[in-house]
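Taking it in order: structure first as structure tokens, then the write-up.
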Amino acid sequence: MTVHQKRRAQIAKALKAAGGGIALLPTAPERPRNRDSDFPYRHDSYFYYLTGFSEPDSWLAIDSSGKTTLFCRPKDLEREIWDGIRLGPKAAVASLQVDQAFSVAELDTQMPLLLSNQAAVWFPFATHPGLETQVDGWLGKVRARIRFGAECPQSQHDLCKLLDEMRLIKDAHEIAILRRAGSISAGAHVRAMQTSAAMLRKPVKGGLREYHLEAELLHEFRRHGSQFPAYTSIVAAGANACILHYRADTAELKTGDLCLIDAGCELDGYASDITRTFPANGTFTPAQRTLYDIVLAAQEAAIKVTKPGKRFTDPHDAATRVLVQGMLDTGLLDKKKHGHVDDVLLSGAYRQFYMHRTGHWMGMDVHDCGDYTEPGSKPRQERDPLGEMVMKKPPRILRPGMVLTIEPGLYVRPAKGVPKEFWNIGIRIEDDALVTATGCELMTRGVPVKADEIEALMRG
Ligand code: GLY
Ligand code: MN
Ligand code: MN
């Protein structure tokens, strides 16, 4: 059995356990950019998870008996001259190990037949615009045939619920790709650091620009077979690092500036997500180094508690505690005004310098699917960061096979009361962690993270 067959069998088993039914799943549509140009095509992650097939206009149906049906674009020699070879339904059966395959042109005639006499229909809710209407149309056709003995499904369920839980725990096939994606991206960060130092050693006309380093990242991703970046790369010179969703633009990187790069490739449908912050010329200033070491210590504290049995929020809490201590030690937060670490954690004053979470699930999508709270648990009363009592479900318990990022940061905008030496410094350090039986494996450590090691690499 291929990994995709195994996953489809798991869905069939879940449908059976839920009383029978059929699951329907389209892939992503092509998106026109203008006239004859489309945006680069990217399949739907759920669909790809169950098929490994990345042609647009495709659908999958799985019923609780395990029978699988694929719809795909028909062979069309004229279109294939322009757009490339299509697998076609005939070859799809053997190639994708499905039980039957039809042209997507037959979707509206075949779907009502597939839906007839099924207890329930499962499809992704609120994911594909217009899908609910399409399913309604097919159910209407089934109902029109009731007189002829067809029974209409009695309930509809969100297929994401089943798939999210499956995708949250990565299998060996996925882990192998994630490791490779992490390694390619780490190599790209190394290349960007080296290029930055080299271009400042031997200045070029027009200076070193953010886009120069983005070009190095893209070159390294692509030359190792990555299809595209997993998200828009951030290459932020100096103060731009304090803009969380900055992109690589035209700003110049000068000696004395830090450069924050948040970039990762997508490889064979799987993401990677790395951030490194380094001195453009290869040497940290004392103020930069002080803040850098605080962020690194925060990341180390978070890594220590990224292990089975801990909660998803434990790495965030551990990192935030270290960051807050650092804010008080450096005077970013005035001890006299803000008190001790616990006072700052309660007041939330640290959000002036650390305003995001320390991680997210990662997998096929950079912000991957999966509940962040423990399934089946009851909401309990908790104090939220602003002091309000709210009902919350307890955070997810970490288990082997989960993949999450660990990405603390500090972002210092100029402000009254903030020591000037730290103004405009923005630092984030991000790695991708696979939860193992005893702790976690960092899949992205092919690029140095310690300040001394970054300096040594950039000297080389
Ligand atoms: N690169 C997206 C993120 O770090 O969440
Ligand atoms: Mn991230
Ligand atoms: Mn990132």
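Indexing begins at 1, ligand by ligand and atom by atom, following the structure's order. What's counted below: heavy atoms across the whole structure, side chains too, no hydrogens, waters or symmetry copies.
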Number the atoms of ligand 1 from 1 as they appear, then name those within less than 4.0 Å of a heavy atom of Glu430, with their elements.
4 (O)

Heavy-atom contact under 4.0 Å between Asp273 and ligand 1?
yes

Enumerated ligand 1 atoms positioned under 4.0 Å from heavy atoms of His367:
2 (C), 3 (C), 5 (O)

N, O or S from Glu407 under 2.8 Å to the Mn ion (ligand 2)
yes

Hey, would you say the Phe353 and Tyr411 ring centroids sit under 6.0 Å apart?
no

Got more than 12 heavy atoms from elsewhere within 6.0 Å of CZ, Arg33?
no

Is there a polar contact, in the sense of an N or O pair closer than 3.5 Å, between Arg428 and ligand 1?
no

Relative to Phe228, does Arg42 satisfy both conditions: NZ or CZ under 6.0 angstrom from the six-membered ring centre, and within 45 degrees of the ring's axis?
no

is_close_aromatic(Phe221, His219), centroid dist under 6.0 Å:
no

Here the N/O/S atom of Glu430 closest to the Mn ion (ligand 2) would be OE2

Check whether any N, O or S atom of His367 sits under 2.8 Å from the Mn ion (ligand 2).
no

More than 12 heavy atoms of other groups within 6.0 Å of Arg247 CZ:
no

Can you tell me which N/O/S atom of Asp273 has the shortest distance to the Mn ion (ligand 2)?
OD2

State yes or no: are the ring centers of Tyr48 and Phe53 separated by less than 6.0 Å?
no

